[in-house]
There are 2 protein chains.
Amino acid sequence: MTNRKKITIKEFAEKLGVSIATVSRAFSDKGRISEKTRQEIIAKAREYGYRANIHARNLTSRSNNTIALLFPAISHEEPDYFITEIMLGINETLTKYRKILQVHPFPLDASEQELELYKDYILNGSFEGIIVVAGARGSNHLVSAAQSGNIPYAVIGHMSGVNENSVLFDNEYGAFLAGKYFKDTGRQHPAYVGGHLDKRKKLGFQEGFGANANKIIFAEGGNSFRHGGMALENLQKTHPEVDCVLCANDVLAIGFIKAALTRNIKVPRDIAVIGFDDIKPSRYYTPALSSVSLKLFELGECAVKILMQVIKEEKPVNSETIECDLILRQSS
Amino acid sequence: MTNRKKITIKEFAEKLGVSIATVSRAFSDKGRISEKTRQEIIAKAREYGYRANIHARNLTSRSNNTIALLFPAISHEEPDYFITEIMLGINETLTKYRKILQVHPFPLDASEQELELYKDYILNGSFEGIIVVAGARGSNHLVSAAQSGNIPYAVIGHMSGVNENSVLFDNEYGAFLAGKYFKDTGRQHPAYVGGHLDKRKKLGFQEGFGANANKIIFAEGGNSFRHGGMALENLQKTHPEVDCVLCANDVLAIGFIKAALTRNIKVPRDIAVIGFDDIKPSRYYTPALSSVSLKLFELGECAVKILMQVIKEEKPVNSETIECDLILRQSS
DNA sequence: ATAGTTTGCGTAAACGTTTTCACTTACAAT
DNA sequence: ATTGTAAGTGAAAACGTTTACGCAAACTAT
């Protein structure tokens with residue numbers, strides 16, 4: 001309605017009969033100003049609808065108090081719910097630092113061109129720092145860009161070539177817990193379903209299972225529901241004796257269980273299944289999925305703390321590792 | 001590594017022996033400049049690492065090409081996956097307009113103080129416009145703030161008092177489809193589980209069921225998994241004859257089904273269940289959930305288009321309605 | 001009373017761009 | 001040759017803040 005142009009500090013100061021410096025000081029906590037005039041100015045500001053122009057502020061302060069989050073987005077057909085929780089953790093923590101969150105989902109398999117686009121975003125630097133979630137093919141190029149442009153960054157997850165500023169999940173330990181649980185509950189024929197890149201999960205699983213570790217069957221499985229079903233089918237053909245399975249992620253596990261139920265294989269009686277990530281929906285499945293929980297919210301929280309430290313100290317900081325829990329439900 | 005301060009347009013222009021105006025023109029597509037010098041400048045810019053300061057740009061252009069998304073976040077205990085898909089739709093569309101997305105999850109039940117904080121964000125206006133997702137108690141206060149501050153906005157979902165700039169879901173029609181399906185498949189005793197605010201869903205459901213509409217049982221249910229279970233328990237006590245149920249959202253439906261299975265009530269044999277929203281995980285449940293699908297990605301897309309129109313035309317535009325589909329799976 | 005310190009405020013110079021305006025030069029039309 | 005038009009460039013004025021510096025007034029300590 002009030003289509004009046006926004007009032008500037010100069011016009012506002014003139015109306016009040018003070019200098020623009022005084023007005024500026026009324027809204028900052030730096031310069032010297034009497035409490036009395038500050039209150040008066042703040043009151044008048046409300047009356048006249050004066051608000052400092054944010055762009056001018058950003059120019060002088062050389063910052064817009066914004067942090068960018070770059071994360072892999074599979075596609076809208078199969079969004080990664082994983083990220084929602086991390087994002088909420090990040091946001092809640094950023095708010096404490098009075099920072100704003102800007103998001104850049106980027107393709108899992110970005111083309112050279114697309115990658116340039118994202119690098120540009122980074123180097124144009126409309127933010128104080130970035131948080132990159134590992135997982136996409138191009139992730140490390142983004143981090144390189146940040147490094148070369150001297151832009152503060154933090155990384156969530158393991159990324160090859162990056163040893164600092166990272167929040168890592170202790171996947172190995174999580175898988176260890178799963179292996180140990182299967183052994184302790186008397187399972188005899190373990191299998192692991194997941195991508196071949198996830199060495200640490202395999203390793204931990206083997207360690208946990210202990211003595212019989214060499215018996216573990218590895219089944220290739222991507223990271224989709226469909227892959228889980230395929231893994232079950234394959235295992236039934238090649239190793240029908242398998243009686244417990246660790247899946248590299250929850251969706252995979254759900255797909256696996258669904259295929260098993262379809263074949264009238266009982267879970268957990270015939271095969272016990274444990275997933276990875278403990279995404280929220282997992283607990284609602286029937287049977288409710290046991291899973292290695294990643295504490296995603298904490299992950300986001302930790303990433304922000306690391307980034308803030310990097311910004312403050314102007315040098316890289318040590319990576320941190322977030323522990324995993326084994327959440328036991330009906331599927332194991 | 002190169003901790004050298006970033007070079008400014010003035011320094012850069014001096015090195016090249018041209019004026020700053022010319023440099024500026026080389027990177028914009030407005031003023032007149034010969035193609036030859038433009039290319040030279042762009043080449044040199046790469047060499048010297050010159051990039052226009054984004055804050056100064058924003059100051060002169062009075063925009064930072066950023067759009068803010070405000071959405072209700074239940075809490076990190078129960079994130080709303082709903083939003084992920086909308087966000088991806090919004091982001092993908094924004095990218096086409098070369099805009100950047102900023103996110104502000106805000107509490108479902110914000111205190112007066114928190115609300116002020118969000119209003120401040122809005123009025124300080126570090127963006128070109130905002131998209132508000134309806135659903136939280138304070139949502140309409142945020143829209144009011146935008147209106148009073150003359151800030152372009154678009155709304156996703158129905159919000160009381162807001163008739164323009166909105167993307168609406170045709171919930172009524174979706175519920176109609178569910179009601180009709182139940183009638184057509186010979187169900188006799190329908191129930192609706194959901195909050196009392198969602199009048200349109202109830203209404204559509206009744207219409208769809210037709211003649212016997214007055215027989216429909218309404219069961220109060222919030223929007224959590226737990227509420228779904230409670231609804232089942234209550235219905236069993238008060239109306240054990242119910243043989244088909246429309247739930248106001250998927251999580252509710254999943255909770256309902258889980259409770260039914262626990263009591264050894266077969267779904268869909270004894271009770272057919274249809275959910276609402278068709279969130280991605282629903283298809284993975286056992287039994288896979290039938291649901292009224294909201295086309296969330298399109299929703300986001302549409303919201304952006306509306307907002308861009310509002311920004312361009314500098315006046316409100318008509319609301320649009322996104323249709324629903326009934327996706328039939330195993331639970332009905 | 002006097003010198004020294006503190007407090008409150010104003011002037012003016014940044015901050016790093018974009019853009020208007022005016023000025024050359026080049027070229028086309030007479 | 002002369003005028004008119006267009007193209008390319010530069011000087012300087014915005015854009016709306018923050019802040020360094022300077023100065024007067026008001027305290028404090030001698």
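The chains referred to below are lettered A, B, ... by the order of the sequence lines, with proteins before strands, and numbering in each begins at 1. Treat the numbers as computed from the prediction; the structure is a model and nothing was measured.
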Participant: For the side chain of B:T60, counting heavy atoms from C-beta on, which of C:dT20, D:dG16, C:dT17 is nearest?
Facilitator: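 So the nucleotide nearest the side chain must be C:dT17.
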
Participant: Would the distance check show the side chain of A:S166 and the main-chain N or O of A:E164 forming a donor-acceptor pair, the cut-off being under 3.5 Å?
Facilitator: yes

Participant: Hey, which of A:I306, A:V133, A:V304 is the one that makes side chain to side chain contact (heavy atoms under 4.5 Å, CB included) with A:V167?
Facilitator: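 By the side chain to side chain contact (heavy atoms under 4.5 Å, CB included) criterion, A:V167 pairs with just one of A:I306, A:V133, A:V304: A:I306.
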
Participant: Could you check how far CD of B:E40 sits from C1' of D:dG8, rounded to whole Å?
Facilitator: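 In whole Å, D:dG8 C1' and B:E40 CD are 13 Å from each other.
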
Participant: If the threshold is 4.0 Å, N to carboxylate O, is there a salt bridge linking B:R38 and B:D29?
Facilitator: no

Participant: When rounded to the nearest 0.5 angstrom, what is the spacing between OH in B:Y153 and CD1 in B:I130?
Facilitator: 9.0 Å

Participant: Check every strand shown and say whether B:I54 touches a base, only sugar-phosphate, or nothing at a heavy-atom separation below 4.0 Å.
Facilitator: nothing

Participant: Taking the six-membered ring for Trp, are B:F27 and B:Y50 parallel (under 30°), tilted (30 to 60°) or perpendicular (over 60°)?
Facilitator: tilted

Participant: Which heavy-atom pair separates A:K15 from A:Y48 by the least distance, and what is that distance?
Facilitator: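 In terms of heavy atoms, the two residues are closest at CD-CE2, 3.2 Å.
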
Participant: Could you tell me how far apart A:I33 (CD1) and D:dT18 (C1') are, to the nearest whole angstrom?
Facilitator: 14 Å

Participant: Base, sugar-phosphate, or nothing: which does B:A52 touch, judged by heavy atoms less than 4.0 Å apart?
Facilitator: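 Sugar-phosphate contact only.
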
Participant: Where do A:E320 and A:C302 come nearest, in terms of heavy atoms and distance?
Facilitator: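 Closest approach of A:E320 to A:C302, heavy atoms only: OE1-SG, 3.8 Å.
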
Participant: What is the nucleic acid contact for B:L59, judged by heavy atoms within less than 4.0 Å: base, sugar-phosphate only, or nothing?
Facilitator: base

Participant: So what does A:I9 touch, heavy atoms closer than 4.0 Å: a base, only the sugar-phosphate, or nothing?
Facilitator: base

Participant: Rounded to whole angstrom units, what separation is found between the CG atom of A:D29 and the C1' atom of C:dG8?
Facilitator: 17 Å

Participant: If you measure from the Lys or Arg side-chain nitrogens to the Asp or Glu carboxylate oxygens, is any gap between A:E323 and A:K295 under 4.0 Å?
Facilitator: no

Participant: Looking at five pairs on each end of the helix from C:dA1-D:dT30 to C:dT30-D:dA1, what is the angle between the two axes, given to 10 degrees?
Facilitator: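 Angle reported: 30°, given to the nearest ten degrees.
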
Participant: Regarding D:dG16, can its base be found pairing with the side chain of B:R62 as donor and acceptor, where the two atoms are less than 3.5 Å apart?
Facilitator: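 A donor-acceptor contact between them is absent.
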
Participant: Any Lys/Arg nitrogen of B:E40 or B:K36 sitting under 4.0 Å from an Asp/Glu carboxylate oxygen of the other?
Facilitator: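 A salt bridge is present here (some side-chain N lies under 4.0 Å from a carboxylate O).
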
Participant: B:R38 near the nucleic acid: base, sugar-phosphate alone, or nothing, with a heavy-atom cut-off under 4.0 Å?
Facilitator: nothing

Participant: Report yes if at least one side-chain N or O of A:Y50 is closer than 4.0 Å to OP1 or OP2 of D:dG16; otherwise report no.
Facilitator: no

Participant: Under the ring-ring contact (aromatic ring centres under 6.0 Å, His included) rule, collect the residues that match up with B:H104, sequence neighbours excluded.
Facilitator: B:Y121

Participant: Can you work out whether A:R57 or B:G31 has the more 5'-proximal nearest nucleotide on DNA chain D?
Facilitator: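 Its nearest nucleotide lies further toward 5', so the answer is B:G31.
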
Participant: Rounded to the nearest Å, what distance is computed from the CZ atom of residue B:R51 to the C1' atom of nucleotide C:dT17?
Facilitator: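 Computing the B:R51:CZ to C:dT17:C1' distance gives 16 Å.
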
Participant: For a side chain to side chain contact (heavy atoms under 4.5 Å, CB included) with B:M308, tell me which candidate from B:T93, B:V317, B:L94 qualifies.
Facilitator: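 The single option meeting the side chain to side chain contact (heavy atoms under 4.5 Å, CB included) with B:M308 is B:L94.
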
Participant: Touch check for A:T22, heavy atoms < 4.0 angstrom, all strands: base, sugar-phosphate only, or nothing?
Facilitator: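 Contact class for A:T22: sugar-phosphate only.
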
Participant: Phosphate oxygens OP1/OP2 of D:dT9: is one of them under 4.0 Å from a side-chain N or O of B:T37?
Facilitator: yes

Participant: Could you list, one pair per line, each protein nitrogen or oxygen that sits under 3.5 Å from a nitrogen or oxygen of nucleotides 23-27 of chain C, together with the distance?
Facilitator:
none

Participant: How close or far is atom P of C:dT20 from atom NZ of B:K30, stated in whole angstroms?
Facilitator: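 To the nearest whole Å, that distance equals 8 Å.
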
Participant: Can you figure out which of D:dG8, C:dC9, D:dA11 approaches the side chain of B:S19 most closely?
Facilitator: D:dA11

Participant: Within the structure, does a side-chain N or O atom of A:S24 lie under 4.0 Å from either OP1 or OP2 of D:dT19?
Facilitator: no

Participant: Round to the nearest Å and state the distance from B:K36 atom NZ to D:dG8 atom C1'.
Facilitator: 11 Å

Participant: From D:dG16, D:dT18, C:dG10, pick the nucleotide closest to the side chain of A:I20?
Facilitator: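 Nearest nucleotide to the side chain: D:dT18.
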
Participant: Could you check how far NE2 of B:H55 sits from P of D:dT18, rounded to whole Å?
Facilitator: 14 Å

Participant: Tell me the interatomic distance from B:K10, atom NZ, to C:dT18, atom P, rounded to whole angstroms.
Facilitator: 16 Å

